Number of protein chains: 2
Amino acid sequence: MATISVREVAAEAGVSVGTVSNVLNRPDKVSAGTVSRVQAAIELLGFVRNDAARQLRAGRSRSIGLVVLDVGNPFFTDLARGAEDRAAQAGLTVLLGNSDETAERESAYLDLFEEQRVHGVLISPLGDSGEQLKRLRRRGTPTVLVDRQTEDRSFSSVAVDDVFGGHLAASHLIETGRTRLAFVGGPHSIRQVTDRLEGARAAVAEHAGVTLEAIDTCSLSVLEGRAIGEALLARPAEDRPDAIFAANDLLALGVLQALSMLGDLRVPQEIALIGYDDIAFASAAVVPLSSIRQPSALIGSTAVELLLREADGGENFEPEQIVFQPELVVRASTAARD
Amino acid sequence: MATISVREVAAEAGVSVGTVSNVLNRPDKVSAGTVSRVQAAIELLGFVRNDAARQLRAGRSRSIGLVVLDVGNPFFTDLARGAEDRAAQAGLTVLLGNSDETAERESAYLDLFEEQRVHGVLISPLGDSGEQLKRLRRRGTPTVLVDRQTEDRSFSSVAVDDVFGGHLAASHLIETGRTRLAFVGGPHSIRQVTDRLEGARAAVAEHAGVTLEAIDTCSLSVLEGRAIGEALLARPAEDRPDAIFAANDLLALGVLQALSMLGDLRVPQEIALIGYDDIAFASAAVVPLSSIRQPSALIGSTAVELLLREADGGENFEPEQIVFQPELVVRASTAARD
DNA sequence: ATTCTGAAATGAATCGATTCAATCATGACT
DNA sequence: AGTCATGATTGAATCGATTCATTTCAGAAT
């Protein structure tokens, strides 16, 4: 199977390789007759552009890399979709990388994207991956942080105020009469987790007689949530919290599964439950789940927007930090006790 | 920002470009001293391999393309994860493309992957995208169909017996005493949908007095399911089915949302409901959802396995069709009426 | 008839990593 | 001392699309 390059096409059409390239990229610069002759040759030979060669010449690829914490989390697939749509408008493709909340995989994807000379990187970083990210952009790859506020003003970022979101969630639980709150989430290397916890702590501090227990998890998955739920059931009733704020909806749904299937700890009567992200499945849960909604698709598209701005900006580019406000969505899982 | 290539590294380390390449790819062929000198130079200059140049020389990229019907569907993200894991073992990356159940996007991704000279393509095709796929593989890109049985023996494929799955679901509904079934799903251009419907029809035909109504949808999403649920609520009670088999869990959860939130049609008392895929959220639903389970991650990893076999196979390669059997998972949503 | 203009087409040079035949160096062995 | 084998290193050629300075040519203007 001989591989067909512009050279073969040029020979077949009786023109030079430069002309073939022009037909491909600026057909208006080529006379109509030539265009159709070249196109016929392309059709006949089944020529397919070699993207590697294009990229090599161009210096940059036509895709942008997106590293998320968990592709299994609908919040991130929604975000990715928003990014994809915006990128498509600019003729770019999104490569989706899943760090799975581990530093090694995150780092591996960044290396991969840098080798691919991507147009830019969007990343929801684990911890303070600061050093690697700084190096990446210093070497010329535009980088935007998503779903993450940053003290480092040199990066553009699109985030949601997680401290505020945490405050919102905890305040809501307190207002519905709960006093012994528990925050379920982890690992603490994930900034979103610590921010949400911080917000919750602040809300608790504002009310006398309200306590907050922090229950650590090693990941933010349904499975992990189920384990926590089982652990709660195993406790003597008087040691149990009367409200749970889970760091995301997957955890919350896991906890809910455990409570409703294995035990008889009723939600919201005996224990209230609120999640975070407001994924599509939250409202269809055993007990429809209260949650903190984030504009996921908008975060993704805005991040691409900032990335393009940085890529085009040149010298006089100013990083921007955009922060959206989260929103409380109340459903049955945090209904007042009666 | 001068770009650093092997040439600069070679100059800095005082060796030839060939040696730098050897350090990168076969360090055992190079003396220890040279290796460390070159590595020091790489470190110092911040050299990053240009993947486009590698690929151009190699002729093939080191990633495989995966086109799925819907990234928002956990079934496909699970499948993708299985594929990723297996691919990683072989040193390959998976590029995830989302056809969103539209022929244009599917076709665009296939073109893109071909231009990228991917190692191979895994695709969950919409309809009989036959022509384009045949051309793709004829030109040398190994292609494996996933989640899809095919009459065309020239392709390798990994599938689950959807006809059997449909039969399983409908039989179960009938066995629990339901007689007026409805199948919710669409569009019919998606083969999985028609196969599941066919299986259900067969099961119904085996029992006298049982009817099956087909309710078409334009996509397989939660939103669409909710719309169908609302339409059902609007019907007079005597026109309603007493059991619903939804073509996938997203649809089923949508129907469930509508029924439980907007109306008072109780599941499973007045209407039974079963989905397909058994995604993680199914068991956490308002009414835990019965479903047909498919080994999603296994499908993904097996598909990569076949792909690699085809890529290495050369002339004497024989396509393989692997078919897994789905499994019925019974939960509350199809409990017997009492 | 001559010059000029603009459009169209040309093709060598380029991007950067890899490959492989050729060269070089070292030490072992006769 | 001379021959050989082994291992290390070299560097020109290659992959394929794009670019751009240059050439070609038809027609307009003088």
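What you see is a predicted model, and the numbers here were worked out from it, not measured in a lab. Chain identifiers are assigned alphabetically (A, B, ...) following the order of the sequence lines, protein sequences preceding nucleic acid strands; residue numbering begins at 1 within each chain.
A donor and an acceptor atom, one from each side chain of B:Asp152 and B:Ser154, are located under 3.5 Å apart.
B:Arg117 comes within 4.0 angstrom of nothing in the nucleic acid, heavy atoms only. Across all strands, A:Ser21 comes closer than 4.0 Å to base atoms (heavy-atom distances). Residue contacts for B:Arg60: at a heavy-atom cut-off of 4.0 Å it reaches no nucleic acid atom on any strand shown.
Remark: B:Arg49 is not in phosphate contact with C:dA17, judged by side-chain N or O atoms under 4.0 Å from OP1 or OP2.
We find that CD of B:Glu115 is positioned 15 Å from P of D:dG16, with the value rounded to whole Å. Rounded to whole Å, atom P of D:dT9 lies 14 Å from atom CZ of B:Arg26. When the P atom of D:dT18 is taken as reference, atom CZ of A:Arg7 falls 13 Å away, rounded to whole Å. Between the C1' atom of D:dG16 and the CD atom of A:Glu8 lies a distance of 10 Å, rounded to the nearest Å. Following rounding to the nearest Å, A:Asn25 (CG) and D:dC20 (P) show an atom-to-atom distance of 12 Å.
Only one option out of A:Glu318, A:Glu320, A:Gln321 pairs with A:Arg153 in a side-chain hydrogen bond (donor to acceptor under 3.5 Å, both in side chains); it is A:Gln321.
In terms of heavy atoms, B:Phe75 sits closest to B:Asp147 at CE2-OD2, 3.6 Å. For B:Ala52 against B:Asn50, the heavy-atom pair with the smallest separation is N-OD1, 2.8 Å.
We find the CG-CG distance between B:Asn22 and B:Asp28 to be 9.0 Å, quoted to the nearest 0.5 Å.
The end-to-end axis angle of the helix from C:dA1-D:dT30 to C:dT30-D:dA1, rounded to 10 degrees and based on five pairs per end, is 60°.
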(message) Between A:Arg81 and B:Asp70, does the salt bridge (Lys or Arg N to Asp or Glu O under 4.0 Å) criterion hold? Intermediate values first, please.
(response) CA-CA 11 Å; A:Arg81 216 184 264 248; B:Asp70 177 11; 3.0 Å; yes
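In this structure, A:Glu84 pairs ionically with B:Arg105, as a charged nitrogen and a carboxylate oxygen lie closer than 4.0 Å.
Checked by atom type and distance alone, the side chain of B:Thr141 never pairs as donor or acceptor with a backbone atom of B:Gly120 at under 3.5 Å.
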(request) Produce a footprint string for nucleotides 6-15 of chain C: one letter per nucleotide, 5' end first; B if the base is under 4.0 Å from any protein heavy atom, S if only the sugar-phosphate is, - if neither. (result) --SSBBB-BB
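Geometric assessment of A:Arg137 against the ring of A:Phe155 yields a positive cation-pi assignment under the 6.0 Å and 45° thresholds.
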